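First the structure, in the form of structure tokens, and then the observations on it.
These numbers come from the heavy atoms of this one structure, side chains and all, not from hydrogens, waters or symmetry mates. This is a predicted model, so every value here is computed, not measured. Residue numbers count from 1 along this sequence.
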Amino acid sequence: GDVSAMCCLGEWHWNGLEGFKEDKGEAYKWHKQASDLRFPKAMARVGQCLLNGSAGAMTNAIEGIVLLALAAERGSDKACFLLGDTYYHGRHGIGKNEVEAKHLLQKALAKDECEYNHLEDEEANEARAMLDEMEGKGWDR
């Protein structure tokens, strides 16, 4: 199948767009299909769902982190943000790591660093706030 189309259907269901009713469970199914075919945008969404146990996904932090790492490596700015946030806060069994957090958050915000730019405005604002806080605390090493 067309992974880009699967991901679009997933996002339309996720956000209730293009005449589709908001349905996170249906969205997850479409994203999961595209993620299984290694589409970075879908891998990021599925990784997010696995971390949070949302959209009908069973919580599985290890699988979620692995998918986010693969998606970030393959150019998803959203995956970079989610991993950066995880390192910044020390969540999901991952210890705080300011160096990794800063690298990933900067990569998420640099439009030329990632091929797949699907970071939401609110997430970009959160990334900027975390980077500002790290700068203010002298975390820049």
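The environment of Asp132 atom CG is dense: over 12 non-hydrogen atoms of other residues, nucleotides or ligands sit within 6.0 angstrom. Heavy atoms of other residues, nucleotides or ligands lying less than 6.0 angstrom from NZ of Lys21 number 12 at most.
Rounding to the nearest 0.5 angstrom, the gap separating the CG atom in Asn15 from the CG atom in Asp23 is 12.0 Å. Taking NE2 of His31 as the reference point, atom CZ of Arg45 lies at 5.5 Å (rounded to 0.5 Å). With rounding to the nearest 0.5 angstrom, the CG atom of Leu67 is 12.5 Å from the CD1 atom of Ile62. Note that CG of Leu50 and OG of Ser35 are 8.0 Å apart. Values are rounded to the nearest 0.5 Å. Rounding to the nearest 0.5 angstrom, the gap separating the CD1 atom in Ile94 from the OG1 atom in Thr86 is 7.5 Å. The distance from the SG atom of Cys80 to the CD atom of Glu113 is 8.5 Å, given to the nearest 0.5 Å.
Hydrophobic clustering, with ILVMFWY side chains joined whenever heavy atoms are under 4.5 angstrom apart, groups Leu51 together with Leu83. A chain of hydrophobic side-chain contacts below 4.5 Å, direct or via other Ile, Leu, Val, Met, Phe, Trp or Tyr residues, connects Tyr87 to Met134. Hydrophobic clustering, with ILVMFWY side chains joined whenever heavy atoms are under 4.5 angstrom apart, keeps Ile65 apart from Leu70. Tyr28 and Leu68 fall into different hydrophobic clusters, defined by Ile, Leu, Val, Met, Phe, Trp and Tyr side-chain heavy atoms under 4.5 Å apart, directly or through other members.
Between Lys24 and Glu22 a salt bridge is recorded (basic side-chain N to carboxylate O distance below 4.0 Å). A salt bridge links Lys32 with Asp36: the closest approach of a Lys/Arg side-chain nitrogen to an acidic carboxylate oxygen falls below 4.0 angstrom. The residues Lys78 and Glu120 are annotated as salt-bridged, a charged nitrogen and a carboxylate oxygen being separated by less than 4.0 angstrom.
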Q) Can you check side-chain contact (heavy atoms from CB on, under 4.5 Å) on Phe81 and Leu104, steps first, answer last? A) CA-CA 6 Å; Phe81 164 74; Leu104 287 161; over 6 Å; no
Q: Start with the C-alpha gap between His92 and Asn52, add the side-chain angles, then the distance that decides, and say whether side-chain contact (heavy atoms from CB on, under 4.5 Å) holds.
A: CA-CA 9 Å; His92 310 295; Asn52 301 320; 4.0 Å; yes
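Ser76 places no side-chain N or O within donor-acceptor distance of the main-chain N or O of Ala72, the cut-off being under 3.5 Å. For the pair Asp77 (side chain) and Leu119 (backbone), a donor-acceptor distance under 3.5 Å is present.
Between Leu105 and Arg128 the shortest side-chain heavy-atom distance does not fall below 4.5 Å. Within the 4.5 Å cutoff, the side chain of Lys96 has no heavy atoms near those of the His89 side chain. Taking the side chain as every heavy atom from C-beta outward, Gln48 and Ser54 never approach each other to under 4.5 Å. Between Glu135 and Lys102 there is a side-chain heavy-atom pair separated by less than 4.5 Å.
Residue Leu9 belongs to a hydrophobic cluster whose other members are Val3, Met6, Trp12, Leu17, Phe20, Trp30, Leu37, Phe39, Tyr116, with links defined by side-chain heavy atoms closer than 4.5 Å.
Nearest heavy atoms, Trp14 versus Ala27: N-CB, 3.5 Å. Between Cys7 and Ala42, the closest heavy-atom pair is SG-N, 3.8 Å.
Residues passing the salt bridge (charged side-chain N to carboxylate O under 4.0 Å, His left out) test with Lys107, sequence neighbours excluded: none. Under the rule for a side chain to side chain donor-acceptor pair (under 3.5 Å), the partners of Arg91 that lie at least two apart in sequence or sit in another chain are Asp85.
Side chains of Glu11 and His118: no donor on one and acceptor on the other come within 3.5 Å. Counting only N and O atoms by type, the side chains of Tyr88 and Glu133 include a donor and acceptor under 3.5 Å apart.
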